[in-house]
Student: 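Structure provided below as structure tokens; questions to follow.
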Amino acid sequence: MCEQLSEVSVDDKLNEECGVFGIIDYDGNDVTRRICYGLGALQHRGQESAGMAVSDTNGPKGNIMYHKDMGLVSEVFRDETLNGLSGNIGVGHVRYSTTGSSSKFNAQPFVLNYLKGTLALVHNGNITNSEELKYELANEGIVFHGTSDSEVIAYKLVRTRIRSATIEEAVAKVAAELKGGYAIIAMSPRKIVGIRDPFGIKPLCLGKLENGYVLASESCALTVAGAEFVRDIEPGEIITITQDGIKSDISLKSEKRAHCIFEYIYFARLDSKMDGINVYDARINGGRALARRYPVDVDIVSGVPDSGLIAAEGYAKELGIPFELVFQKNSYVGRTFIKPTQEERTRAVHLKLSVLESVVKGKRLVLVDDSIVRGTTMANLVKMLRKAGAKEVHVRISSPPFLYPCYYGTDIPSNSQLIANSLSPEEICEKIGADSLGYMQIEDLETMTKDLPLCKACFDNNYII
């Protein structure tokens, strides 16, 4: 299977399953390339497939053009493909599968024709009651062609739209039945409707063009599309954007909120701002908290590119220890075939990263990363550093140990594959070959995000749903 290498290994990092993007330009300008730019900025959220659907608000009613395929944004949208798409309203998607198999059909947007027209849908997250909804739809005669819960939402929305006066009314009815963490953007040929789950687990924000609007998973996508950040969509908010402007419905808003902590630890891009928190600042603060909890006398501090670098910078600042780069990252490895064997996984690490021997030789160092999932990658990195002459390697992790699965859209493996589920921190330290190991404590996570209510279920087993 063709896969994108993660930061340093093919199976020892977590992945977010997708990013969503929606845009309308009131001046009638073509938005296809802006969608491409936005999806490119969200590429870190999913490298498996990409797609977009566009329409002309002044064109023939019900006409939505779309293209989707397996691959990176730059691979899916060549000039010849973009030249065949045109419209001033559109949605886009990048995907990494957590539910649903890795196939072109499960790529998004889902575009469906129905009695009242055509609808396109893009979705980020997991719907925990999707099987129940799928069963109901199957009893109504719906035949599913894929295995993702996004397809379930699309069919549910179309069936509801047939019995509703407007698409926003249909979205509100469907959203009231959904359980889980999600950000959804639905598009008719003349409207865009965005919705964020009632707890704010998944991110969604609004940007303003000179004469139009953008919805996106992260604010970094607004910037590259030429939009100015306006605000985050409220948890439980349904926002409708038409030629007449914006309407907001917060009838689904919950008193409880639970924003995914891993957006701030790892998923989101450094230049994004989510729910009032700058991602860069959150990671610096996380590194500082880690240093206060687990200080150590070393010569230098470094991080695993790119996921651990900013927390490492915070760790170094807190203790007044020099921050150094100890790995050279090969940014041109790209997509490759990797066999699922331990030998190939080890080779993948060496292919992606090499040690700067002159920096580490004879040094005692701290190595910071965002997580340890199975432990194979960290063990290889520690071994590489020792081979290059490091005297001591102390590992610090800017998240607590993963102990429980995530049901809201993060591909945390089963408990049996989580190293922290079967081994103590002391045993993990020995297994990865480090001189010491320190994990972020759950009570210190709040230092990253101030008073923002967090979902930490993968660490503490406290699920909001």
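Predicted model, so just to flag it, every value in this text is computed and none were measured.
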Student: Does a side chain donor of either N113 or T118 reach within less than 3.5 Å of an acceptor in the other side chain?
Tutor: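 Result is yes, a qualifying pair exists.
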Student: Looking at OG1 of T81 and CG of D69, how far apart are the two atoms once the value is rounded to the nearest 0.5 Å?
Tutor: 8.5 Å
Student: Check whether any side-chain N or O of Y408 sits under 3.5 Å from a backbone N or O of I465 as a donor-acceptor pair, and report yes or no.
Tutor: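 Pair found, side chain donor or acceptor close to backbone of I465.
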Student: Are R45 and E218 within salt-bridge range, i.e. N to O under 4.0 Å?
Tutor: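 E218 and R45: salt-bridged.
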Student: Within this structure, what is the CG-CG distance for the pair D444 and N285, rounded to the nearest 0.5 Å?
Tutor: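 It is 11.5 Å, given to the nearest 0.5 Å.
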Student: Considering non-hydrogen atoms only, spot the tightest contact between A268 and V279 and give its length.
Tutor: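 Closest heavy-atom pair between A268 and V279: CB-CG2, 3.7 Å.
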Student: Please find the pair of heavy atoms, one from K134 and one from F144, that lie closest to each other, and give the distance.
Tutor: CG-CE1, 3.4 Å
Student: Has Y463 got more than 12 heavy atoms of other residues, nucleotides or ligands less than 6.0 Å from its OH?
Tutor: yes
Student: D149 side chain to I127 main-chain N or O, any donor-acceptor pair under 3.5 Å?
Tutor: yes
Student: Indicate yes or no for a side-chain donor-acceptor contact from Q108 to the backbone of H123 under 3.5 Å, with no hydrogens or angles considered.
Tutor: yes
Student: Is there a donor-acceptor pair under 3.5 Å between the side chain of D30 and the backbone N or O of G87?
Tutor: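 Yes.
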Student: Taking the side chain from T128 and the backbone from K179, do they hold a donor-acceptor pair closer than 3.5 Å?
Tutor: yes
Student: Can we say K173 and E169 salt-bridge, meaning some charged N sits less than 4.0 Å from an Asp/Glu carboxylate O?
Tutor: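 So K173 pairs with E169 through a salt bridge.
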Student: Closer than 3.5 angstrom, by distance alone: can the side chain of D25 be matched with the main-chain N or O of G212 as a donor-acceptor pair?
Tutor: no
Student: Are the side chain of R269 and the backbone N or O of C220 linked by a donor-acceptor pair below 3.5 Å?
Tutor: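 Absent.
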Student: How close do M274 and S217 get, heavy atom to heavy atom, and via which atoms?
Tutor: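 Of all heavy-atom pairs spanning M274 and S217, the closest is CE-O, 4.0 Å.
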Student: Suppose we call two aromatic rings close when their centres sit under 6.0 Å apart. Are F402 and F459 close by that rule?
Tutor: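 When the ring centroids of F402 and F459 are compared, they turn out to be within the sub-6.0 Å range.
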Student: Once the angle between the rings of F262 and F267 is folded into 0 to 90°, is it parallel (under 30°), tilted (30 to 60°) or perpendicular (over 60°)?
Tutor: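 Taking F267 first and then F262, their aromatic rings stand perpendicular (interplane angle over 60°).
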Student: Any sub-3.5 Å donor-acceptor pair from H259's side-chain atoms to G200's backbone N or O?
Tutor: yes
Student: Can you confirm if the NZ or CZ of K68 lies within 45° of the ring axis of F110 and under 6.0 Å from the centre of its six-membered ring?
Tutor: yes
Student: Applying salt bridge (charged side-chain N to carboxylate O under 4.0 Å, His left out) between E237 and each of R231, K253, R196, report the one that passes.
Tutor: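 Single pass found, and it is R231.
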Student: So how far is it from I167 CD1 to I192 CD1, rounded to the nearest 0.5 Å?
Tutor: 10.0 Å
